[in-house]
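The next block holds one structure in the form of structure tokens; read it before the comments.
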Amino acid sequence: MAVTFAEPERLAAHEQHLGIGFPVYADPGRELYGRFGLGRGSVADIWNVGTLKLYARLLRSGRRLRRPTEDTRQLGGDFVVDADGTLVWGHWPRSPDDRPSVDDLIAAVRTAR
């Protein structure tokens with residue numbers, strides 16, 4: 001699942017934009033973000049060289065950038081929670097381009113089972 005701080009009425013558009021096949025939940029008060037220790041990054045944290053390179057690659061591949069509709073400084077994270085609700089793995093990024101690999105996420109999910 002994914003959790004976003006978007007307002008609930010924006011969830012369908014969010015799911016469509018991301019093109020994902022799993023549930024997306026709203027946390028507009030950012031309570032879950034706070035429980036996981038996910039704060040807001042500084043402008044320098046967010047718009048670092050890695051982030052600018054990421055956007056340049058997207059533009060070169062033909063993607064069109066959209067004007068942000070959410071808080072661009074809110075840091076996200078990647079977490080694996082087991083069936084009992086216990087956090088078994090987490091990645092707290094320092095910037096938007098600091099994300100775990102898909103292989104790392106799959107390994108964490110397999111370990112949690």
Polar contact flag, side-chain donor to acceptor under 3.5 angstrom, S101-D103: no
In one Ile/Leu/Val/Met/Phe/Trp/Tyr side-chain cluster, 4.5 Å: W89, W92: no
Least distance between heavy atoms, R99 atom then D78 atom: NH2-OD2, 2.8 Å
Within 6.0 angstrom of Y55 OH, more than 12 heavy atoms from elsewhere: no
Shortest non-hydrogen separation from A6 to E70 and the atoms involved: CB-OE2, 3.5 Å
E31, CD atom: more than 12 neighbouring heavy atoms under 6.0 Å: no
Nearest-0.5 Å distance, OG1 of residue T4 to CZ of residue R10: 8.5 Å
Side-chain donor/acceptor of D84 to backbone N/O of T86, under 3.5 Å: no
Candidate pair D71 and R40, rule salt bridge (Lys or Arg N to Asp or Glu O under 4.0 Å), full reasoning: CA-CA 9 Å; D71 181 359; R40 293 179 76 228; 2.7 Å; yes
Minimum heavy-atom distance between G77 and P93, given as atom pair plus value: CA-CD, 3.8 Å
Nearest heavy atoms of A112 and V80, plus distance in Å: CB-CG1, 3.7 Å
Mutual orientation of the aromatic rings belonging to F5 and Y33 [parallel < 30°, tilted 30-60°, perpendicular > 60°]: perpendicular
Atom pair CD1 (I46) and CG (L52), whose distance is rounded to the nearest 0.5 Å: 11.5 Å
Contact check, side chains of R73 and D45, non-hydrogen atoms, under 4.5 Å: no
Single-linkage hydrophobic cluster M1~L38, side-chain heavy atoms < 4.5 angstrom: yes
pair V88-T111: side-chain heavy atoms closer than 4.5 Å: no
Same apolar cluster: V81 and I106, side chain cutoff 4.5 Å: no
Identified side chain to side chain contact (heavy atoms under 4.5 Å, CB included) partner of F79 from the options V3, L32, L105, L87: L87
Atom pair CG/CZ of L58 and R64 - distance to nearest 0.5 Å: 14.0 Å
Cluster overlap V49 with L54, hydrophobic side-chain contacts below 4.5 Å: no
